[in-house]
Amino acid sequence: METTNICVILISLLFLAFAAEIHAANKQTQALSLLYKAKWSGDSAIDTSLFEAPRHINKADLVLSQEGLKENDKIDRLPGQPHVKFDQYGGYVTVNESAGRAFYYYFVEAEKSKESLPLLLWLNGGPGCSSLAYGAMQELGPFRVNSDGKTLYRNKFAWNHAANVLFLESPAGVGFSYSNSSSDYTNCGDASTAADNYVFLLNWLERFPEYKERDFYISGESYAGHYVPQLAHTILHYNKMAKKTLINLKGILIGNAVINDATDNIGMYDYFGSHAIVADETIDQIHKYCDFSPNATTQSEECNKANRDINVDLENLDIYNIYAPLCVNENLSSTPKRMSPSTIDPCSEIYTYAYMNREDVQEALHANVTKLDHDWEPCSDIINGWGDSPLTIIPLLTEFMENNLRVWIFSGDTDGRVPVTSTKYSISSMKLPVKTPWHQWLVEGEVAGFAQVYEGDITFSTIRGAGHQVPSYKPKGALALLLGVNCALRAFAAEIHAANKQTQALSLLYKAKWSGDSAIDTSLFEAPRHINKADLVLSQEGLKENDKIDRLPGQPHVKFDQYGGYVTVNESAGRAFYYYFVEAEKSKESLPLLLWLNGGPGCSSLAYGAMQELGPFRVNSDGKTLYQNKFAWNHAANVLFLESPAGVGFSYSNSSSDYANCGDASTAADNYVFLLNWLERFPEYKGRDFYISGESYAGHYVPQLAHTILHYNKMAKKTLINLKGILIGNAVINDATDNIGMYDYLGSHAIVADETIDQIHKYCDFSPNATTQSKECNKANSDANVDLEYIDIYNIYAATCHNENLTSTPKRMSPSTIDACSEIYTYAYMNREDVQEALHANVTKLDHDWQPCSNIINAWSDSPVTIIPLLTEFMQNNLRVWIFSGDTDGRVPVTSTKYSISSMKLPVKTPWHQWFVEEEVAGFAQVYEGDITFSTIRGAGHQVPSYKPKSALALVSHFLTGTPLNDSRHQN
C-alpha cells in the first residue's frame, strides 16, 4: 500500500510538471503521458514484464444470468437525438459479483444488414479514458454532441454503416463503470483490465445471444494498443483451453497505438524534430543523453533537461493533432453552431461532458444507476494507480500471425503523441517480409493515406491529415479503412485535374540540371555589369495616370488605388514586363513598398501572389467575379506584383530569342531595370523603404535582385533604391540541401516508402558537382514519383481539384484557406477580354493564352547551385533577412530550409520558440546573429498566404516593422 501511495504522489507531481496552459485539453493527451513518466521514474512500481492471459477465469463461475436484461437495456431515444432507423442499447454488465464491479456499455446495431454484419468492439485508451466519451460521441459513433451540450447531430460516417458496434467503458472507475470495492481503483492494470473485458464479453454475448457466432473484431486507439491485443490474446487462450470457439475472433484493428515503449518514445521525438515542432538541438540532446532501452528506469539530468525544453515547445499545441486548433472558449452556446461533417470541433470534449452529465441523458442511457459520487469524466479522476504495463506487445502480434488473425495497424499522420514514426519503427523492429509494397490508397479520388501489407496478414496504413483520434479528424477515410478490413485496400487511379503548375516548373528545372548533358550554368551569381541607368531609364511621363485601374470586372468596392500596365525593360528588343500594384488600404504615404515575386521559374506573380495568395482579391468559382481577401498584404504595405521574365503571364518580348535565353542573370537584370523605370513612373516611392519578397524559385530571384540593387547603389555611391530587407518563403536556396531535405521530409512524413528513401541516400549524389545520377538513384526517384502521384506535393494534406468546371453562381469561399480549384478560376478570369482591358494588359494581343506558368519559355540558361553567399553578403550589409517555411509543403519543405540554414553555421541569437496569432500557435521561429530570422508557419503549404492567410499577414507585418514575432499567447 505504501508503494502504491508513493506511485500516486509521483504521478501527481509529474502531472504538475507537465501541465500546459491549454484550454479544454483532450484528457487522453494527459493520461498516456502520465503513464510513460511513471514508467520512466526510478522508483516506479509498475510491472513491465510481458503480458500473459489471466489464468483464473472460469466461465461457469463468472457468467451470470442475463435473462430479460437485453430488453431493459434498449434505448428508446436519446435527448436531442435525430431520428434513426437502427436500434441502440445501453446498460451494465457485472464482471465481478463479489466486488460489485460492473462495466457500462453502449451498443449500436448496424444501420442495414445487422443480421449479417460483424460485431466490432471499440476500446479507447488512456489508460483510464472512456470509449463513450471519445469513440462513441466524438469519433465513430452514430451521433456527435452539438455546441449547446443538449442536442445531437448525425455522424454520416459512423462505423455502424459497416458493423454492429459495441463501446465499452473499462476498467472500473472509467466513465459510468464502477466498483463497490474502492481498492479496485488503486489496483488497475493491463492484466486485470484484460480479464474483466473478457468476462464482460462472455456475459454480454449471453445477453445478446444472436451475436455469439458472429465474426468478431476488436478495435481501438492509443493505449488500446495494449487493451486490444491483450483481450485478443485472452480470447485465443480460452478458446484453446475450451477446445472450441467461445468467441469467434477474426482480427484486430488498432490506431496510433502504443505498441513498443522504446520505439514509441524515440519515434515521438523524431517526429517532433522532422515536423519542425521541437528544436533540432533539443532532438540531438535526446538522442545523445536519453536511454530508451527496455531496462532503462532512470534518465540523466541532460535527458530530463531536453525533455523540459520539449515541453516548452509543445505548450499551447494539441499534440494529438499538431495542426488542429485549440478550444479557446469552454462556454456552451444557446443554440447549436453549424458543425462540419468532415472533422471535429476542438471544443467537442466540453460539449460531450455537458451532455453526459445531464440527468435525462443518463436516464435514457440506463447509466449511473448507483448515483456515483463524482461527475462522469472523459478520463477517470478516481483511478489512482496502474499496476502493470508491458514494455511491448509485439509478441502478441506475432502470436496473432501464427493463429491467422487479421491484424491491421493504422496511423493518423498528424498525431504527435503516438505518431506514424513510432508505429513505423515498431513494425520495422519485427523484420517482417513485405507482401504488398508501400502504395497509396484512395477514397473518392483523394489519397486517403498509404499502406503496406506484410506476410502473416498484417496491414499497416496511414490516414493522411488525421490526428490521434482518426475517426474524429478524417471520418470518411476512417470508415473506408474499416470497410477495407474485409476487403484489402487497393491503390487505384484517380482523375485529378488542375495540378498546380508551379509544382511542375521547379521539378522540370531540377531534372534539367541533373541531366548529364545540361547546358545550364550553375556557377555563383554575380550582378550583371552592363546596366547603365542613363541608357535604360525611359521617360515615364503620364504613364502612371494611364495605368490607374478604375475597377476590375466583378470586383467588390474597395478604398485603395490599384494600377496595372507595362514597363519597358529593353527598348531595342521590345521587351516589356507587366506589373500590378495595389496601394495600402490605409497610410499609403508612410507604409513601405513591397515587391512580390513568384518562382517557377516561369510562373506568374499575378496568378499566384496577387490572385491566390496575398493580393486584395481572389477569384470566385464562376471565373467572373472577385471576393475580397481580408488578409491581403496591402494592410501592411504598398504591394507590387511583377510578371517576369518576358514570356511569363502578360509580359512579352518582340524578340522571340528572348524566350530561349532566359535565366537567373537576365531575369535579375531586367527586374532591376523594371524597378528603376517603375520608380520614375511612381516617384513618390523613390525614397520609401523597399523590401523584396517571394516564394519558391524566387529564393533565387529575390536575393539576386537584392544583390544587384546593392551592387549598383555602391557603384553610384548613393541610394538608387532604398532596399531594407528580403523575405523569402519555402525558398530554393541551396540545391544539395534542398534536394536531400525534400526526400527526408517525404520519408519522415510517411509519404514515400522508407526503403525508397534508403535507396536515395545510398545511391544519389546531391553534391554541387554532380551532373548525372546512377540508374539505382533514377529507379528510386521513379518509385518516389509513384508515391507522389495524386498528392499535391505543394501541400501534402490539401485536397486536389477534381472538377475543372466553373459554376454558374459563386460558391461560398472560405476566408481562411484557398479553394483547391483556384488556379482554374484564375485562368478563366485572366483570359476574359474585359478583365485584360481593365488591367491594361495584353495590349499587343499575344498569340497565346495568359497562363499561370509560361508555356513559351523553352530554356533556362543559368541557375546557381546556391544563393547562400548572397545571404552572407546581406548580413554584412545590415539587410534584414527573413526566411519562412510553410511546414506542410513537400516540394521545398521546412526540412530543406533547416538544412540550408544549418549549413551556414550561424550563431543563434534567439532560440527556437513558438509564435502566436490570436492565441493559436502560428509556427516556430529562431533568430540568428546577423539579423536572419527563420520562421515556420504551422499547417501551411508552399504558398503560405493561400493556406494560412492570417498568419502570413502577421508574419509580413512583423518583418516590415522589424519587430519580433509574438512569443506570448496573450500578446496582442
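Values reported hereafter were calculated over all heavy atoms of this structure, with side chains retained and with hydrogens, waters and symmetry mates removed.
- Taking CD1 of Ile793 as the start and CD1 of Ile751 as the end, the distance is 7.5 Å to the nearest 0.5 Å.
- Checked against salt bridge (charged side-chain N to carboxylate O under 4.0 Å, His left out), Glu301 has the following partners two or more places apart in sequence or in another chain: Arg308.
- Using modelled atom types, one finds a donor on one side chain and an acceptor on the other under 3.5 Å when comparing Ser461 with Trp441.
- Partners of Asp783 by salt bridge (charged side-chain N to carboxylate O under 4.0 Å, His left out), not counting sequence neighbours, listed by chain and number: Lys779.
- Ser411 places no side-chain N or O within 3.5 Å of a backbone atom of Thr462 that could act as its donor or acceptor partner.
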Residues Ile322, Leu317; criterion side-chain contact (heavy atoms from CB on, under 4.5 Å); working and verdict: CA-CA 7 Å; Ile322 62 171; Leu317 278 181; 5.6 Å; no

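- Side-chain atoms of Gln914 come within 3.5 Å of backbone N or O of Glu315 as a donor-acceptor pair.
- The backbone N or O of Ser293 lies less than 3.5 Å from a partner atom in the side chain of Asp291, making a donor-acceptor pair.
- Side-chain N or O atoms of Ser131 include one that pairs as donor or acceptor with a backbone N or O of Asn124 at under 3.5 Å.
- In this structure a side-chain-to-backbone donor-acceptor pair under 3.5 Å is missing from Asp415 to Asn321.
- A parallel orientation is assigned to the rings of His275 and Tyr271, their planes being inclined by less than 30° (bins at 30° and 60°).
- Atom CG of Leu432 and atom CG of Leu397 lie 9.0 Å apart (nearest 0.5 Å).
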Check against side-chain contact (heavy atoms from CB on, under 4.5 Å), Ile937 and Asp887: CA-CA 6 Å; Ile937 293 82; Asp887 63 8; over 6 Å; no

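- Applying the side-chain hydrogen bond (donor to acceptor under 3.5 Å, both in side chains) criterion to Trp159, with sequence neighbours excluded, gives no partner residue.
- Note: Asp318 CG to His468 NE2 = 10.5 Å, rounded to the nearest 0.5 Å.
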Scan the side chains in residues 278-289 for donor-acceptor partners under 3.5 Å anywhere in the protein, sequence neighbours excluded, and list what turns up.
unit_1 : atom_1 : unit_2 : atom_2 : d
Asp280 : OD1    : Lys898 : NZ     : 2.9
His287 : NE2    : Asp270 : OD1    : 2.5

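- Note on ring orientation: taking the six-membered ring where Trp is involved, the planes of Tyr227 and Trp386 are tilted (angle from 30° to 60°).
- Considering all non-hydrogen atoms of both residues, Trp438 and Gln452 come closest at N-OE1, 2.9 Å.
- Partners of Lys435 by salt bridge (charged side-chain N to carboxylate O under 4.0 Å, His left out), not counting sequence neighbours: none found.
- Evaluation of the salt bridge (Lys or Arg N to Asp or Glu O under 4.0 Å) test over residues 456-478, restricted to residues two or more places apart or in two chains, returns Glu444-Lys476, Glu446-Arg464.
- Put simply, CG on Leu253 and CD1 on Ile409 are 9.5 Å apart, with the number rounded to the nearest 0.5 Å.
- Here the closest non-hydrogen pair linking Ala784 and Tyr743 is CB-CE2, 4.4 Å.
- Using modelled atom types, one side-chain atom of Thr414 and one backbone atom of Ala466 make a donor-acceptor pair closer than 3.5 Å.
- Rounded to the nearest 0.5 angstrom, Tyr790 OH and Thr800 OG1 are separated by 11.0 Å.
- Scanning both residues, Gly412 and Asn256, for their nearest heavy atoms gives N-OD1, 2.7 Å.
- Checking each of Asp261, Thr263, Asp264, Asn260 against Thr392 for a side chain to side chain donor-acceptor pair (under 3.5 Å) leaves exactly one that passes, namely Asn260.
- The minimum heavy-atom distance between Gly456 and Met401, with the atom names listed, is O-CG, 3.5 Å.
- Of the inter-residue distances, the one linking Leu121 atom CG with Leu231 atom CG reads 6.5 Å to the nearest 0.5 angstrom.
- Side-chain contact of Ser274 with His749: a donor-acceptor pair under 3.5 Å is absent, judged by distance alone.
- A distance-only check finds no donor-acceptor pair linking the side chain of Asp190 to the backbone of Ser389 [under 3.5 Å].
- Centroid-to-centroid, the aromatic rings of Tyr454 and Phe460 stay 6.0 Å apart or farther.
- Ser422 places a side-chain N or O within donor-acceptor distance of the main-chain N or O of Met268, the cut-off being under 3.5 Å.
- Glu221 contributes no side-chain N or O that, together with a main-chain N or O of Gly125, makes up a donor-acceptor pair within less than 3.5 Å.
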